[in-house]
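Below is one structure, written out as structure tokens; the observations come after it.
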Amino acid sequence: MKGIITSGWGSGTRLTLAEVPAPGAPGPDDVLVRVHAASVNPKDWKINYHIAMLATPLLVKRLRPLFGDDLAGTVLAVGRDVTDFAVGDEVYGMDMRLRTASLAEQTRISQKRIASKPPSLTFAEAAAMPLAAQTALQGLRRGGARAGSRVLIIGASGGVGSFAVQIARAMNCHVTGVCSGRNSALVRELGADEVIDYTRGDYRSSAGPFDLVFDVTSFESPRSCSALIADGGWFISTGGDARAMLGTPLYRLTGRKATSIVVESWRDDLETLAKMVAQGQLKPVIDSEYELADADAAYRHNRAGRSRGKVVIRIP
Ligand SMILES: NC(=O)c1ccc[n+]([C@@H]2O[C@H](COP(=O)([O-])OP(=O)(O)OC[C@H]3O[C@@H](n4cnc5c(N)ncnc54)[C@H](OP(=O)(O)O)[C@@H]3O)[C@@H](O)[C@H]2O)c1
């Protein structure tokens, strides 16, 4: 079957279309999926960069990272213990921990990590959702978002942010989105009550306070945002970045609420998101679509840091 193989590390990473071994029959708890679309997440290239920096050249030579977690596709076969899915079902999901390896015509994935694809979405739109929309949902919940909460979303125009604005809106929060001026109209259309253009000066001492500051750029820390956070409010980060990882536990020592989240794919959450799509509360924003053969260009585009919504890869 056709799939993407990676070579090189750090800035030398290349993604190339190749003939790769098919995944074979699904395990007892897995389904085999014909992947129709996947999507790009910054974590793939970031992890690749971090390994390149931290691992010894010997280890780096032995590792072969598989890019691609999100998928939308059709079930080709089911394992012995799978009862909720059948051949021909259209599904979407991802498995970040085990790596979905979705940049390929077929892959295997646990039945726990997928749900029925929202019927109104194309495969490309559905593939845009699992990682980013679940991050948004899980981050908002972790930060206690509820009706009336004043929520600040930093990075409101990106993959995670564009979902977070819509989900916070659906929760009846009062939503403020931070983005650059070119994306202000988009963020308003997604449902933000207020928009802050971060290119017009440092808003971190003048805006707020907010019950939840949700930083989905991973650039901020509880300290850099402390003036934005209301008494008893939360700082939630998607950061794998050192400042966020070190900053949030230290901040917690002072008795305040801060954490970095790591997204997990759960059928319940995917079903909640699918329901929101069906109710017209959620719609993926697609920055661009690439063919599988152009996966390298898709990742280079995302690495530039300016994606509006999600970059999607079609696997015809
Ligand atoms: N921990 C987890 O489980 C988890 C899960 C998902 C994502 N993440 C992390 O979360 C981050 C965001 O992911 P993503 O998929 O949303 O990335 P993305 O789509 O690539 O984000 C790009 C967006 O970031 C905006 N942006 C860049 N600099 C900004 C700034 N200083 N202030 C506000 N917005 C800014 C850009 O808007 P402009 O062009 O307008 O600047 C662009 O729309 C990444 O670091 C990713 O690794 C972590």
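Every number for a ligand or one of its atoms is a count from 1 in the order of the listing. In this text, all values refer to a predicted model and were calculated from it rather than measured experimentally. As a basis for the values below, the full set of heavy atoms in this structure was taken, side chains included, without hydrogen atoms, waters or symmetry mates.
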### Query
Would you find a donor on one side and an acceptor on the other, under 3.5 Å apart, between the side chain of Asp193 and the backbone of Val175?
yes

### Query
Should we count CZ of Arg169 as having more than 12 external heavy atoms under 6.0 Å?
no

#### Entry: Under-4.0 Å heavy-atom contact with ligand 1, by part of Arg182 that carries it
side chain

### Message
Taking only non-hydrogen atoms of Ala132, do any sit less than 4.0 angstrom from ligand 1?
### Response
no

### Task
Report the relative orientation of the aromatic rings in Phe67 and Tyr299; use parallel for angles under 30°, tilted for 30 to 60°, perpendicular for over 60°.
perpendicular

### Query
Is the closest heavy-atom distance from Leu131 to ligand 1 below 4.0 Å?
yes

### Summary
Any heavy atom of Ile261 under 4.0 Å from ligand 1? The part involved is backbone

### Any N or O of Gly159 closer than 3.5 Å to N or O of ligand 1
yes

### Query
Are any side-chain N or O atoms of Ser102 and backbone N or O atoms of Asp70, one a donor and one an acceptor, separated by less than 3.5 Å?
yes

### Task
Please confirm whether Gly239 comes within less than 3.5 Å of ligand 1 when only nitrogen or oxygen atoms on both sides are compared.
no

## Note on the structure
Nearest non-hydrogen contact to atom 24 (O) of ligand 1 from the set Ala164, Ser218, Gly305, Ala304 belongs to Gly305

### Query
Is it the side chain (CB and beyond), the backbone, both or neither of Thr238 that lies under 4.0 Å from ligand 1, heavy atoms counted?
both

### Query
Under the 3.5 angstrom rule, does the side chain of Gln134 hit a backbone N or O of Trp266 as a donor-acceptor pair?
yes

### Message
Any nitrogen or oxygen of Gly161 lying under 3.5 Å from a nitrogen or oxygen in ligand 1? Just yes or no.
### Response
no

### Query
Any idea which atoms of ligand 1 are less than 4.0 Å away from a heavy-atom of Gly155?
33 (C), 34 (N)

### Query
For Arg146, does the CZ atom have more than 12 heavy-atom neighbours from other residues, nucleotides or ligands under 6.0 Å away?
no

### Query
Asn41 to ligand 1: N or O pair under 3.5 Å?
no

### Query
If you look at every heavy atom in Gly155 and Thr217, which pair is closest and at what distance?
CA-CG2, 3.6 Å

### Message
With a sphere of 6.0 Å drawn around CG of Asp81, does it hold more than 12 non-hydrogen atoms of other residues, nucleotides or ligands?
### Response
yes

### Task
Examine the proximity of ligand 1 to Asn183 and report which part, side chain or backbone, both or neither, has a heavy atom under 4.0 Å away.
side chain

